[in-house]
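Below: one structure, written as structure tokens.
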Number of protein chains: 2
Amino acid sequence: MNPQVSVLRKGRKLDQVLAGAREIFLRDGFEGASVDDIARAAGVSKATLYSYFSDKRQLFQEVVQAECQRMSTEIVSKIDDTMPIREALSAAAYGLTKFLVSDFSQRIFRICVAERDRFPELGQAYYAAGPGNGHQQLVEHLAASVACGELEIADVDMAAYQFSELCKARNFSLACFGVKTEFGESEIQDVAEAAVDMFMKSYAPKQA
Amino acid sequence: MNPQVSVLRKGRKLDQVLAGAREIFLRDGFEGASVDDIARAAGVSKATLYSYFSDKRQLFQEVVQAECQRMSTEIVSKIDDTMPIREALSAAAYGLTKFLVSDFSQRIFRICVAERDRFPELGQAYYAAGPGNGHQQLVEHLAASVACGELEIADVDMAAYQFSELCKARNFSLACFGVKTEFGESEIQDVAEAAVDMFMKSYAPKQA
DNA sequence: GCATAACTGAACTAATCAGTTTATATTTGA
DNA sequence: TCAAATATAAACTGATTAGTTCAGTTATGC
């Protein structure tokens with residue numbers, strides 16, 4: 001709703017603190033990050049840091065919330081309504097497949113998963129801003145394509161889940177478990193194309 | 001290779017220690033678990049614990065390795081060759097969909113992801129014993145079905161990845177992020193059926 | 001230029017936790 | 001039965017870290 005709702009003290013170094021915290025939390029996670037490290041990375045004294053935030057927890061939440069907002073707006077800004085469905089899906093599949101194995105996305109994912117017990121609301125907020133949001137967008141596009149006869153889908157909601165899940169085929173698990181961390185263009189394209197192929201074979205009306 | 005290769009001192013309380021460690025690590029993760037807690041849960045003194053294991057790390061590795069073996073043999077034991085492909089896939093899809101959102105599987109997954117930096121080889125071992133192993137099994141089955149004309153698949157490897165990924169649709173992400181933790185039978189069945197439907201539409205030859 | 005708010009650095013507290021030590025007790029097996 | 005192996009409880013070390021305090025410094029607005 002309101003992007004700047006936080007009631008943080010204003011002050012010269014607030015942005016520095018947030019930037020430093022973002023860097024260290026993203027690198028080390030919540031438990032792994034030490035407040036001294038954050039203060040050092042931010043170029044700020046610990047006392048200053050604690051004048052903005054009541055504790056480590058609050059600082060962490062503020063950082064992750066900001067990241068969620070960043071991502072959410074970035075994802076939404078990339079949607080294109082004018083293409084025919086296959087092209088639109090190809091573009092979406094490629095973007096998603098690539099994003100899912102990116103270092104940034106993997107780090108955020110790991111933090112959310114790792115801190116699920118300590119911050120139950122964190123994963124939920126991330127889900128809503130990221131995957132949940134994307135899912136909604138996709139459902140709307142699919143429904144529109146069904147309405148104009150481009151697609152034939154009994155359960156649009158499930159189809160949307162399947163689509164995004166297909167973009168995780170092979171690469172995502174490998175990345176999650178650290179079996180493979182770098183992916184070439186073709187490894188991303190292959191998965192994206194296979195996802196679109198499968199999706200279209202299932203849900204595009206056959207011209208008999 | 002060798003299931004009992006570990007060179008641990010033998011002694012009366014070894015099994016107790018492992019059981020206690022399993023319980024606490026599974027509950028609290030590596031960093032979250034305290035050795036005192038483990039000793040208490042095992043009904044053993046800390047000194048005894050440290051007479052078996054040189055440090056917390058080694059104890060953790062031993063526990064996770066044992067869990068991987070347990071799971072791997074359990075999964076392999078459930079495979080059935082005699083069914084027609086659609087039924088076999090339905091059975092596999094249901095089993096996998098259910099397993100993926102189980103408390104146990106989610107906990108192991110979270111630990112592997114959370115401790116990726118501290119134990120890079122942990123996620124890799126788990127992947128090999130679990131998802132990787134399952135993938136191999138599936139590839140073989142699919143290849144056999146292709147050979148006898150039941151299926152028509154250009155890229156069997158990719159198809160297998162797609163199949164197991166489809167079983168994660170909707171539920172898995174929700175569980176991962178803690179948005180939803182309990183799933184009813186029908187929520188599992190729906191996903192499994194949708195996975196098989198999509199898979200068959202893509203890869204079962206049309207009887208024209 | 002000066003009062004005020006913001007910031008610094010460094011030392012300090014209090015808690016947690018991995019791993020060790022020691023003196024004592026229990027189990028086992030021969 | 002007795003000696004060796006194994007286990008115990010509890011106190012201790014040493015390291016790390018969140019959060020506080022405070023005397024002194026720097027920047028800002030008026």
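Labels below follow one simple rule: chain letters A, B, ... track the order of the sequence lines, proteins then strands, and each chain is numbered from 1. Just so you know, these numbers come straight off a predicted model, no measurement behind them.
- Applying the side chain to side chain donor-acceptor pair (under 3.5 Å) rule to Gln16(A) yields no partners; only residues at least two apart in sequence or on another chain are considered.
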- With the sugar-phosphate defined as primed atoms, P, OP1 and OP2, and the base as all remaining atoms, what B/S/- string results for nucleotides 23-30 of chain D, 5' to 3', for protein heavy atoms under 4.0 Å? ----SS--
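- Near-neighbour residues of DNA chain D inside residues 37-55 of chain A, defined by a heavy atom below 4.0 Å, number-ordered: Lys46(A), Ala47(A), Tyr50(A), Asp55(A).
- As rounded to whole Å, 11 Å separates atom P of dA7(D) from atom CG of Asp15(B).
- Residue pairs that meet the ring-ring contact (aromatic ring centres under 6.0 Å, His included) test with at least one member in residues 77-107 of chain B, sequence neighbours left out, do not exist here.
- Pairs engaging residues 178-200 of chain A under the ring-ring contact (aromatic ring centres under 6.0 Å, His included) rule: Phe163(A)-Phe199(A), Phe199(A)-Tyr203(A) [sequence neighbours left out].
- Looking at residues two or more places apart in sequence or on another chain, you find no side chain to side chain donor-acceptor pair (under 3.5 Å) involving Arg27(A).
- Between Ser90(A) atom OG and Ile85(A) atom CD1 the span is 9.5 Å, to the nearest 0.5 Å.
- Distance Leu14(B) CG to dA5(D) P: 19 Å, rounded to the nearest Å.
- Here Ser51(A) pairs with Arg9(A) under the side chain to side chain donor-acceptor pair (under 3.5 Å) rule; sequence neighbours left out.
- Annotation: Glu185(B), atom CD; neighbour count of heavy atoms from other residues, nucleotides and ligands within 6.0 Å is above 12.
- As rounded to whole Å, 12 Å separates atom P of dT16(C) from atom CG of Asp36(B).
- Residue Lys56(A) places at least one side-chain N or O under 4.0 Å from the OP1 or OP2 atom of dA18(D).
- Ring-plane geometry between Phe109(B) and Phe109(A) is classed as perpendicular, the angle between the planes exceeding 60 degrees on a 0 to 90 degree scale with a lower cut at 30.
- Put simply, Lys13(B) has a side-chain N or O that comes within less than 4.0 Å of OP1 or OP2 on dT8(D).
- In terms of the side chain to side chain contact (heavy atoms under 4.5 Å, CB included) criterion, residue partners of Leu96(A) (sequence neighbours excluded) are, by chain and number, Leu100(A), Ser164(A), Cys167(A).
- Under the salt bridge (charged side-chain N to carboxylate O under 4.0 Å, His left out) criterion, the residue pairs touching residues 168-177 of chain A are Glu165(A)-Lys168(A), with sequence neighbours excluded.
- Listed by residue number, there are no residues of residues 113-120 of chain A with a heavy-atom contact under 4.0 Å to DNA chain C.
- Ring geometry, Phe30(B) versus Phe60(B): the interplanar angle falls from 30° to 60°, so the pair is classed tilted.
- Asn133(B) meets the side chain to side chain donor-acceptor pair (under 3.5 Å) test with Ser72(B), Gln137(B); sequence neighbours excluded.
- Using a 4.5 Å heavy-atom threshold, the side chains of Val17(A) and Leu59(A) count as touching.
- DNA chain D lies under 4.0 Å from at least one heavy atom of each of the following residues of residues 25-35 of chain A: Ala33(A), Ser34(A), Val35(A).
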